[in-house]
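To keep things clear, I will list the structure first and then write my remarks on it.
Side chains included, hydrogens not; waters and symmetry mates left out as well; all remaining heavy atoms used. Computed from a prediction, not measured in an experiment: that's the story for all the values here.
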Amino acid sequence: MLRSRLVGVPKAVKRSISTNVPALQKATDPIQQLFLDKLREYTSKSVGGKLVDPSPEIAKERDSELEKLQEVYGGGTGVDMTQFPQFKFEDPPVDSGVKN
């Protein structure tokens with residue numbers, strides 16, 4: 001239908017119109033709309049980076065994995081893993097090499 005209207009139009013204009021026709025249509029893909037709706041739903045449910053509707057087994061497994069990571073990387077009770085570590089460099093004693 002659109003091609004019949006573009007008979008006398010130059011080829012360059014035909015190309016730009018034909019590539020913009022899908023963008024001009026307001027019909028949306030229903031699957032894409034469902035996907036976007038689910039993303040919005042999960043975004044509203046996951047406040048603070050928490051899991052959405054976790055089962056007790058999943059929550060327990062997540063906690064055990066976090067404990068393992070804390071042990072491997074120097075965490076433990078009373079250690080705040082969100083703080084940048086404080087390094088303490090001590091100069092070793094220097095021997096002058098002169099014997100008395």
**OP:** Starting from the C-alpha separation in whole Å, work towards a yes-or-no answer on side chain to side chain donor-acceptor pair (under 3.5 Å) for Q33 and D37.
**Re:** CA-CA 6 Å; Q33 188 62 42; D37 291 342; 3.2 Å; yes
For the [atom1] atom of [X] and the [atom2] atom of [Y], what is their distance to the nearest 0.5 Å?
X   : Y   : atom1 : atom2 : answer
E61 : E65 : CD    : CD    : 6.0 Å
L34 : E41 : CG    : CD    : 11.0 Å
D53 : Y42 : CG    : OH    : 7.5 Å
D29 : L36 : CG    : CG    : 10.0 Å

Original post:
Do NZ/NE/NH1/NH2 and the carboxylate oxygens of K60 and E57 come within less than 4.0 Å?
Top reply: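 Salt bridge between K60 and E57, a charged N being under 4.0 Å from a carboxylate O: no.
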**OP:** Look at the side-chain heavy atoms of Ile, Leu, Val, Met, Phe, Trp and Tyr, link any pair under 4.5 Å apart, and say whether F89 and F84 land in one connected group.
**Re:**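 Hydrophobic grouping puts F89 with F84.
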